[in-house]
*Asks:* 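Once you've had a glance at the structure underneath, I'll fire off some questions.
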2 protein chains.
Amino acid sequence: MNIGEVAERSGIPPKTIRYYEDIGLVRPQRSGNGYRAFREMDVHKLAFLGRARALGFSIEDCRTLLSLYEDESRESAQVKAIAEEHLTAIDEKITQLQSMRETLSHLIKSCHGDHRPDCPILSDLAGDPTVVRTVSSLANKAAK
Amino acid sequence: MNIGEVAERSGIPPKTIRYYEDIGLVRPQRSGNGYRAFREMDVHKLAFLGRARALGFSIEDCRTLLSLYEDESRESAQVKAIAEEHLTAIDEKITQLQSMRETLSHLIKSCHGDHRPDCPILSDLAGDPTVVRTVSSLANKAAK
DNA sequence: TATTGAGCTTCCAGTCACTGGAAGCCCTAT
DNA sequence: ATAGGGCTTCCAGTGACTGGAAGCTCAATA
């Protein structure tokens, strides 16, 4: 199976599949003409990766999850631990985004948004505490 | 004022301040010894940038916001439009994260997490539809 | 005065997970 | 014979920094 068909069947673009090979996530064989020759197993692996990535797992997490998947003597606790850690990270991101959302929507509501230059959004960003004063209550670091 | 003091007062690390100069967000003067010489205005600008970044605005948005801030003839509608677009993007991210969160927490609940190898999380990632089957309902692309 | 040591400088490389593009080979159909 | 689409590799760019090396400047101390 060539890369194009694999891409279609796994939902992973060719460029990304090559990248995954580069970093050792899949190891397709090669045909005589130098083309990658994928087996069913590879398609399966790539679809696994696609789903794990869609859940937001990092590439390194995906690598670990794949190896656990292939390890018959794994303990489900190992998998669960990774998932729980990731869930915690997701929750933190959500919390941070909601805090930004909160502040930003307040600011937007307070801005009349017309042809005049007066703007509480800019005033707040400039540090003027008389307007809404909520941004500085945010953690200093934005989402990475 | 040297970069260290500015970093402390603006909350932006020296490395980042130099980076912001590189990309033209601030233009500190120079002293005879080659050191950057910051004025109050620069500290103010950097604090502005810090707050805008904390709200999740991109660097390019920050650049625009700064120039609007300095433009006396701006229309607040321009600022509001940028903020609203950003709010929409935040909402989309939150929605996506919540969808991941939902699926992931279901999977975690269904995994006993002990010494045995059976694991619904892995089964689901592997595409087994008999277990929980929620991941594939996620959009194919993870958060950028 | 000589020497620390902190703080400043520039430049290069790495992060994460791809993605785009160029140059060129391979294969099938006309 | 040629055209095209698909495949190959390699290099560079994305966003927003961050780490590290090599080297200069400055203030304080021995």
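Here is how names work: the chains are called A, B, and so on, in the same order as the sequence lines, proteins then strands, and each is numbered from 1.
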*Asks:* Can you measure A:Phe57 atom CZ to C:dA17 atom C1' for me and round it to whole angstrom units?
*Replies:*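 Roughly 17 Å, once rounded to whole Å.
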*Asks:* Examine distances only and state if a side-chain atom of A:Arg51 and a backbone atom of B:Ala126 form a donor-acceptor pair shorter than 3.5 Å.
*Replies:*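 Side chain of A:Arg51 to backbone of B:Ala126, a donor-acceptor pair under 3.5 Å: yes, one is there.
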*Asks:* Please identify each residue that fulfils side chain to side chain donor-acceptor pair (under 3.5 Å) with A:Gln29, with sequence neighbours left out.
*Replies:* none
*Asks:* It should be established whether B:Ser58 places a side-chain nitrogen or oxygen under 4.0 Å from OP1 or OP2 of nucleotide D:dG15.
*Replies:* no
*Asks:* Starting at atom OH of B:Tyr19, determine the distance to atom P of D:dG15, rounded to an integer number of angstrom.
*Replies:* 8 Å
*Asks:* Report the distance from atom CD1 of A:Ile17 to atom P of C:dT19, rounded to the nearest whole Å.
*Replies:* 12 Å
*Asks:* Restricting to pairs with a member in residues 72-101 of chain A, which pass ring pair (Phe, Tyr, Trp, His ring centres under 6.0 Å), not counting sequence neighbours?
*Replies:* A:Phe57-A:His86
*Asks:* If you round to the nearest 0.5 Å, how far is CZ of B:Arg101 from CG of A:Leu87?
*Replies:*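 The CZ atom of B:Arg101 is 5.0 Å from CG of A:Leu87, to the nearest 0.5 Å.
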*Asks:* What pairs with B:His112 under side chain to side chain donor-acceptor pair (under 3.5 Å), at least two apart in sequence or on another chain?
*Replies:* A:Ser76, B:Asp114
*Asks:* Please report the distance, rounded to the nearest Å, between NE2 in A:His86 and C1' in C:dC16.
*Replies:*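 Spelled out: NE2 on A:His86 to C1' on C:dC16 is 14 Å.
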*Asks:* Tell me every residue that passes side chain to side chain donor-acceptor pair (under 3.5 Å) with B:Ser31, counting only those two or more places apart in sequence or in another chain.
*Replies:*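 Expected list: none.
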*Asks:* Hey, which of these two, B:Lys15 or A:Ile3, hits DNA chain D nearer its 5' end, going by closest nucleotide?
*Replies:* A:Ile3
*Asks:* Without decimals, in angstroms, what is the distance between A:Glu21 CD and D:dT9 P?
*Replies:* 7 Å
*Asks:* Between A:Ile12 and A:Gly50, what is the shortest heavy-atom contact and its length?
*Replies:*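 Nearest heavy atoms, A:Ile12 then A:Gly50: CD1-CA, 3.7 Å.
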*Asks:* Picking from C:dC18, D:dA16, D:dT18, which would you name as closest to the side chain of A:Arg53?
*Replies:* C:dC18
*Asks:* Can you tell me the distance, in whole Å, between the CD1 atom of B:Ile23 and the P atom of D:dG13?
*Replies:*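 So the two atoms are 16 Å apart, to the nearest Å.
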*Asks:* Return the value, rounded to whole Å, for the distance between atom CZ of A:Arg36 and atom C1' of D:dC7.
*Replies:*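 Those two atoms, CZ and C1', are 9 Å apart.
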*Asks:* Pairs counted only when both distances fall under 3.5 Å, Watson-Crick or G-U: show me the 5' to 3' dot-bracket for DNA chain D, [ ] for pseudoknotted crossings and | for other-strand partners.
*Replies:* ||||||||||||||||||||||||||||||
*Asks:* Check for a donor-acceptor pair, side chain of A:Arg36 on one end and backbone N or O of A:Arg30 on the other, with a separation under 3.5 Å.
*Replies:* no
*Asks:* For residues 27-35 of chain B, which residues have at least one heavy atom under 4.0 Å from DNA chain C?
*Replies:*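 Per residue number, the list reads B:Arg30, B:Gly34, B:Tyr35.
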*Asks:* Tell me: CZ of A:Arg18 to C1' of C:dG20, nearest whole Å?
*Replies:*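 Answer to the nearest Å: 12 Å.
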*Asks:* OP1 or OP2 of D:dC17 less than 4.0 angstrom from a side-chain nitrogen or oxygen of B:Tyr20, does that happen here?
*Replies:*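 It does, given that an N or O in the side chain of B:Tyr20 lies less than 4.0 Å from OP1 or OP2 of D:dC17.
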*Asks:* For B:Glu75, is there an ion pair with B:Lys80 - N to carboxylate O distance below 4.0 angstrom?
*Replies:* no
